[in-house]
Amino acid sequence: MSLALIDCNNFYASCEQLFQPRLIGRPVVVLSNNDGCVVARSAEAKALGIPMAAPWHTLTSLARRHGIVALSSNYALYGDLSARVMKVLAGFSPAQEVYSIDECFLDLAGAQPSPGACGRRIRDEVRRLVGISMGVGLGPTKTLAKFANHCAKKRPEFAGVCALGELSPTAIDALLAWAPVSEVWGVGGRLTARLQTLGIHTALDLKRAAPGRIRKTFSVTLERTVRELNGEVCLGFAAGPATRKQILSSRSFGQLITEFAPLEEAVTAYATRAAEKLRRQGLVAGSVGAFVQTNPFRADLPQYHAARHCPLEPTADTRLLAQAALRLLRNLYRPGFAYQKAGVILTNLLPEEKRQPGLFEDGAALTGSQALMAAMDQINRAYGRGTVKLGAEGNDPRWAMRAERRTPRYTTNLEELAVAKAG
DNA sequence: TCTGGGGTCCTAGGACCC
DNA sequence: TCTGGGGTCCTAGGACCC
């Protein structure tokens, strides 16, 4: 087994630089929704010491001093470039597991002349065809492939491609001893702190820990990590898209909200978005959840967060899902709080064709609902999201998020197309 | 003034049953 | 006076990932 973990360098920042070459060589950060936190940094921004997830408002003076370019997220652009990258990668192996917008696993067992050589060709090809640079890590398990990818990016001697199969066991252990345990996939902040109290500081320490003891002290998840570090495959490879278990749509508001009416609009909009995602994946939902919360960073304001779920006849109809979500919202809402965020969660998902008809179901109404939803989706795809929507969503909402620094959707929005200027 | 959104898996504990 | 125990299912919450 030779698994490759391939992931794009500074993906969102690289996408922006690809379409605005004047940004190349400059410190660029991409911000989360509402222009809240840093979610991607160019190499130059990393060199300035800007940490991942830093709140943007804490960086303004640093930004002024160094001319940092901050951009709102442009997911339409990143999604489109991601699809191009994934398509090129799929050409190198029939077994591809897309793990996130900017990374995937490829099974390169049997690649000629060797998995490592194939990894180097992949890196060159994606750069040539799409213009994005990436790191490639190869190993016998997902956890080791992830680790190799980390080495590929952080250790210049690998030039972006690290194949553990080309190294001696001693050399591999030396790399594991160099990496802090927090760099291991599946070990976050909490676990790092607890592991350190047990004298486990490096990836090598974790590899050498007794799996049984780890299971007893922590969990079966971390035991698997230990076994994977030792080359034992515990995490399966899933080619093809996984079926979702939940679909969530939520947003922080552009400003705090105290009244019920705008909350109602927001929840209607989130239910609409969730229902669109649901239909795009050919699923129906058997349960709807809604939640609201105040801003946890505002110690000066009273705090409240609450969530509620309710079962329903499995459906993908925006109207029914929004109705149910609004019923939940009426139960959740308490006057006197400044709400910062709300969301809608769809669970108990199942493929549309496996839906059991209800005992008293009206077949004609169902057909009508499906036709209406299909028409809505088609219109909104052709003329833009929100062209046809429920009245309860409202117009020009006060709760809408901020995105003041977004670049044009060069590749997906006709109005914002990238046009080469003559002369 | 301003702190993301969307997922997964595991575990503990309560409800319920026999 | 004396008041079981084991299994299953569900949910909330915690941890992680990008």
Side-chain angles (χ1 to χ4, degrees), chain A residues 5 7-12 29-41 51-61 63 70 72-73 75 78-79 82 97-105 142-143 146 149-150 181-195 215-225 234-236 238 241-256 270 273-274 277-278 281 287 289 291 293-301 305-311 338 340-349 401-405:
Chain A
L5 185 277
D7 91 352
C8 302
N9 298 339
N10 320 325
F11 184 56
Y12 296 172
V29 299
V30 178
L31 305 177
S32 65
N33 284 324
N34 269 319
D35 298 340
C37 300
V38 172
V39 293
R41 306 156 292 161
M52 190 63 167
W56 172 239
H57 70 91
T58 64
L59 299 174
T60 41
S61 78
S72 302
S73 313
Y75 291 109
Y78 313 147
S82 169
E97 178 184 337
V98 177
Y99 181 68
S100 76
I101 191 162
D102 74 333
E103 66 187 295
C104 79
F105 290 100
K142 283 184 166 178
T143 304
K146 269 273 189 186
N149 183 279
H150 174 70
V181 71
S182 56
E183 294 298 340
V184 174
W185 193 37
V187 180
R190 306 296 177 103
L191 284 175
T192 300
R194 289 179 61 200
L195 284 165
R215 180 182 202 135
K216 231 184 283 165
T217 317
F218 298 91
S219 71
V220 63
T221 317
L222 193 61
E223 182 197 8
R224 283 185 200 132
T225 299
C234 299
L235 304 176
T243 42
R244 290 265 157 275
K245 303 198 168 145
Q246 75 177 36
I247 287 174
L248 181 138
S249 174
S250 84
R251 286 278 182 287
S252 299
F253 307 131
Q255 52 185 297
L256 298 180
Y270 303 158
R273 289 221 48 211
K277 290 189 211 173
L278 189 68
Q281 298 180 44
S287 179
F291 67 87
Q293 65 177 60
T294 52
N295 185 342
F297 293 97
R298 292 291 296 267
D300 56 322
L301 294 177
H305 55 97
R308 210 163 279 201
H309 294 260
C310 76
Q340 180 234 9
K341 184 179 185 177
V344 172
I345 306 171
L346 306 179
T347 50
N348 290 351
L349 308 182
M401 66 175 186
R402 296 183 294 271
E404 290 157 5
R405 304 155 172 277

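Chain A is the first sequence line, chain B the second, and so forth, proteins listed ahead of strands; every chain is numbered from 1.
For the OP1/OP2 pair of B:dT3 and a distance below 4.0 Å, the side-chain nitrogens and oxygens of A:K341 include no atom meeting the criterion. Dashed line: the shortest gap from a side-chain N or O of A:R224 to OP1 or OP2 of B:dC9 is not under 4.0 Å. At the phosphate of B:dG5, neither OP1 nor OP2 sits under 4.0 Å from any side-chain N or O atom of A:R273. Phosphate contact (OP1/OP2 of B:dG6, side-chain N/O of A:S250, threshold under 4.0 Å): present. Taking side-chain N and O atoms only, A:R298 has no distance below 4.0 Å to OP1 or OP2 of B:dT1. Contact annotation: A:S73 side-chain N/O to B:dG4 OP1/OP2 distance is not under 4.0 Å. Between A:K146 and C:dC18 there is a side-chain polar atom (N or O) within less than 4.0 angstrom of OP1 or OP2.
In the set B:dT3, C:dC16, C:dC18, the nucleotide with an atom closest to the side chain of A:F297 is B:dT3. When distances run from any side-chain atom of A:N295 to the nucleotides B:dT3, B:dC9, B:dG7, the shortest one goes to B:dT3. When the nucleotides B:dC10, C:dC18, B:dG5 are ranked by their closest atom to the side chain of A:R251, B:dG5 comes out on top. Set against C:dA15, B:dG7, B:dG4, the side chain of A:L191 has C:dA15 as its closest nucleotide. In the set B:dT3, C:dA15, B:dG4, B:dT3 carries the atom at the smallest distance from any side-chain atom of A:P55. Listed candidates were B:dT3, B:dG6, C:dC18. Nearest to the side chain of A:E103 is C:dC18.
Within the 4.0 angstrom heavy-atom criterion, no nucleotide atom of any strand lies near A:Q255. Residue contacts shown for A:W185 are limited to sugar-phosphate atoms, with no base heavy atom under 4.0 Å away. Nucleic acid contact for A:G343: none, since no nucleic acid atom lies under 4.0 Å from a heavy atom of the residue. Residue contacts for A:T60: at a heavy-atom cut-off of 4.0 Å it reaches no nucleic acid atom on any strand shown. Within 4.0 Å (heavy atoms only), A:I247 reaches sugar-phosphate atoms of the nucleic acid but no base atom. Within the nucleic acid shown, A:D102 comes within 4.0 Å of sugar-phosphate atoms alone, with no base atom in reach, counting heavy atoms only.
Taking atom CG on A:N9 and atom P on C:dC18, their separation rounds to 14 Å, with Å as the unit. The nearest whole Å value for the distance from the CD1 atom in A:I101 to the C1' atom in C:dC17 is 15 Å. Note: CD (A:Q246) to P (C:dC17) measures 18 Å, nearest angstrom. In this structure, A:I345 atom CD1 and B:dG6 atom P are separated by 10 Å, rounded to whole Å. The separation between A:L222 atom CG and C:dC17 atom C1' is 15 Å, rounded to whole Å. The interatomic distance linking A:L235 (CG) with C:dC17 (C1') rounds to 12 Å, in whole Å. C:dG14 atom C1' lies 14 Å from atom NE2 of A:H305, rounded to whole Å. As a whole-Å value, the separation of A:E223 CD from B:dT11 C1' is 15 Å.
Here the side chain of A:R251 pairs no donor or acceptor atom with the backbone of A:Y270 at under 3.5 angstrom. Side chain of A:E97 to main chain of A:A238: a donor-acceptor pair is present (N/O by atom type, distance under 3.5 Å, no hydrogens or angles). A:S287 places no side-chain N or O within donor-acceptor distance of the main-chain N or O of A:N348, the cut-off being under 3.5 Å. Panel note: side chain A:K142, backbone A:G236; a donor-acceptor pair is recorded below 3.5 Å.
As rounded to the nearest Å, C:dC18 and B:dC2 have C1' atoms that lie 24 Å from one another. Comparing C:dC17 with B:dT3, their P atoms are spaced 24 Å from each other, to the whole Å.
Pairing for C:dG5 goes to B:dC18, judged as Watson-Crick or G-U wobble with the two contacts each under 3.5 Å.
Mapping A:F218 and A:Q340 onto DNA chain B by nearest heavy atom places A:Q340 closer to the 5' end of the strand. Mapping A:R244 and A:H57 onto DNA chain B by nearest heavy atom places A:H57 at the nucleotide closer to the 5' end.
Between A:E103 atom CD and A:L5 atom CG the span is 5.5 Å, to the nearest 0.5 Å. To the nearest 0.5 angstrom, A:L349 atom CG is 10.0 Å from A:R244 atom CZ.
A perpendicular orientation is assigned to the rings of A:Y99 and A:W185, their planes being inclined by more than 60° (bins at 30° and 60°).
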